[in-house]
Amino acid sequence: MKKIQELITEKFKKAFIDAGYDESLAQVVVSNRPDLCQYQCNGAMAGAKQYKKAPIQIANDVVEKLDTSDFESVEAVNPGFININLKPDFIADYLNKMSDAEKFGITEENEKIILDYGGANVAKPLHVGHLRTAVIGESLKRIKRYMGNEVIGDVHLGDWGLQIGLIIMELKERKPDLVYFDESYEGEYPKEAPFTISELEDIYPTASAKSKEDEEFKKKAEEATLKLQEGYAPYRAIWKHIMDVSIADLKENYKKLNVEFDLWKGESDADPYIEDLIQELIDKGLAYESDGALVVDIAEDTDNKEYPPCIVRKSNGAALYTTSDLGTIIEREKLYQPDAAIYIADKRQALHFLQVFRVAKKAGFAPENETMEHIGFGTVNGPDGKPFKTRDGGVMRLEYLIDDVNEKVYEKMQENKTMSDDEAKKVAEMVGLAAIKYGDLSNQASKDYIFDMDKFTSFEGNTGPYILYTIVRIKSILAKYQAEGGNLDECHINTPDSDENVNLCLKLTQIVDTLETASKEMAPHKLCQYIYELSNEFNRFYHGTKILKEEDAEKKSGYIALIKLTKEVLETSIDLLGFEAPEKM
């Protein structure tokens, strides 16, 4: 289905051609002066120099040739703009077609995309620093899928480094009698883990702190890490326990954020490829020694700044995150052959990903035509403008932040108590998730933002709860209409009969453009901005129109069809952002 701007532009293209001008000048855009008109064509301004004519003369020529059958008014105004207003019945007809079309008439994309987001570490709880990659990644996955792409989401766990060796050594000191530390033991290793998630979350920070003070302990941990990576069976068994316990806990916590991954792979999955990829870099003449380390130059002639070589093996022979990421790319090419690989990670890792992508393309680990992109996000800051911390200065666990937001929402709901405590708590969880996700996603990903608890949980303004409240209000009206005997399936949008009605209709026509832009630019904040504007237009319409009290049955039916479509657009949008609306608030 063609977008409404495309339909208008097509008419203008014909008019430009008939008037003797290039059709490329005929692009129509939403007016930046809605007080004057709904749409504009500014091509006459651009064509003035090309045709050596005054812009207003070109504009007048075009208007004279224009088929105005779908336009309420078209006017050429100085210095050369063309202002356009559509006929109300044309708008209604378009919306009815959009309402009947699948996915509002979007043009589907068709790519296979690997989306790398989450990036949690095993044996560590999720904290506030993990919020943005999970929330942004989940939304982009949903948007890209909605637009017709095959998207494979991979959590890409940190599960293979020194942290595992540290845990093994700390476990050995705490429980030396475990069979994993008996070199003479030849039986099968236990299926049950020798620790709980709570114990594991204590073991790692204790071991990490100890390694900073005890050089001998750190050396043993490094040796344990090497033995693990070389396949030493007892340590592999402990590692499997760490993975099982950690992943079960991570899945539970990601579930609270309504985040799901298709793949639970990690750095360990890249390990089998590392030795061969390093040798391939050497054989192809790309890797060379520098100060004992093995590096690959990534600089290109078109660069406007200097970039350091990419280290693929340290001087002590150890691999790095870079090497692991290259191994992951090789595995993904082998298993999935994606058209694009998108990484959602802290913007401070920009150089790392630039190096990885360039080495991958230079070495032929990824095809030259594959899109490889890093979406860098900013930090979540507290009211002081510094990275969000707990009151005692520690890093806040994500589950505690979620609980705090839910409690804040619950308290606000209790001020106007309309449901039981159990129901209120369930609704508070839904509203709290909307507050967190919308609060994050409404900001451009690359920018830092302040986590403002009071603002994010407000039921007014540009917030998740406000969007949900708008949806619940529409649900209530539709339910009352049905209770009065109305049939939603028999309703059709009528010709808009007020400014508020027209404005709501026009805003609804913009959903496809918004979705296409949010997908193309990987910008969920643009979808947030759209549904905030749509909610505002609906509420203006609601306050200015007697919907259920309208005595004319046909008019009432038209209003109902319009707000039903509004609900569908809003519900689709919040699902793409990763949250849902309750039945009442």
Practice item. For Tyr189, check ring pair (Phe, Tyr, Trp, His ring centres under 6.0 Å) against everything at least two apart and list the hits. Key: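 Ring pair (Phe, Tyr, Trp, His ring centres under 6.0 Å) check on Tyr189 returns Tyr180, Tyr185.
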Study note, to complete from the structure: ring pair (Phe, Tyr, Trp, His ring centres under 6.0 Å) filter on Phe579, not counting sequence neighbours, yields none
Contacts of [X] that satisfy salt bridge (Lys or Arg N to Asp or Glu O under 4.0 Å) - sequence neighbours left out:
X: Glu583; result: Lys475
X: Lys347; result: Asp448
X: Glu280; result: Lys284
X: Glu423; result: Lys584

Between [X] (side chain) and [Y] (backbone), is there a donor-acceptor pair under 3.5 Å?
X: Ser519; Y: Ile143; answer: no
X: Asp182; Y: Leu178; answer: no
X: Glu399; Y: Leu126; answer: no
X: Ser324; Y: Leu320; answer: no
X: Asp159; Y: Ser268; answer: yes
X: Gln337; Y: Lys334; answer: yes
X: Gln355; Y: Pro309; answer: yes
X: His352; Y: Gln349; answer: no
X: Lys141; Y: Leu115; answer: no

Would you call [X] and [Y] a salt bridge, taking side-chain N to carboxylate O under 4.0 Å as the test?
X: Glu300; Y: Arg358; value: yes
X: Lys210; Y: Glu170; value: yes
X: Asp202; Y: Arg174; value: yes
X: Glu108; Y: Lys103; value: yes
X: Lys408; Y: Asp404; value: no
X: Arg332; Y: Asp116; value: yes
X: Lys144; Y: Asp339; value: no

Report the residues that fulfil side-chain hydrogen bond (donor to acceptor under 3.5 Å, both in side chains) with [X], sequence neighbours left out, ordered by chain and then residue number.
X: Asp269; answer: none
X: Trp264; answer: none
X: Glu252; answer: none
X: Arg132; answer: Asp440

Practice item. Verify whether one side chain among Lys526 and Thr514 offers a donor that lies under 3.5 Å from an acceptor in the other. Key: no
Review point. Going by atom types only, do Glu111 and Asn149 share a side-chain donor-acceptor pair under 3.5 Å?
Key: no
Revision key, fill the gap. To the nearest 0.5 Å, atom CG of Asp154 lies from atom CZ of Phe261 at 8.5 Å
Please confirm whether the ring centroid of [X] lies under 6.0 Å from the ring centroid of [Y].
X: Tyr117; Y: Tyr343; value: no
X: Tyr232; Y: Tyr235; value: yes
X: Phe451; Y: Phe388; value: yes

**Study point:** Pair listing, salt bridge (Lys or Arg N to Asp or Glu O under 4.0 Å) test, anchored in residues 371-390, at least two apart
**Key:**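 Those involving residues 371-390 do not exist here.
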Exercise for review: Please collect all ring pair (Phe, Tyr, Trp, His ring centres under 6.0 Å) contacts where either partner lies in residues 269-300, sequence neighbours excluded, each pair once.
Suggested key: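 Sorted result for residues 269-300: empty, none.
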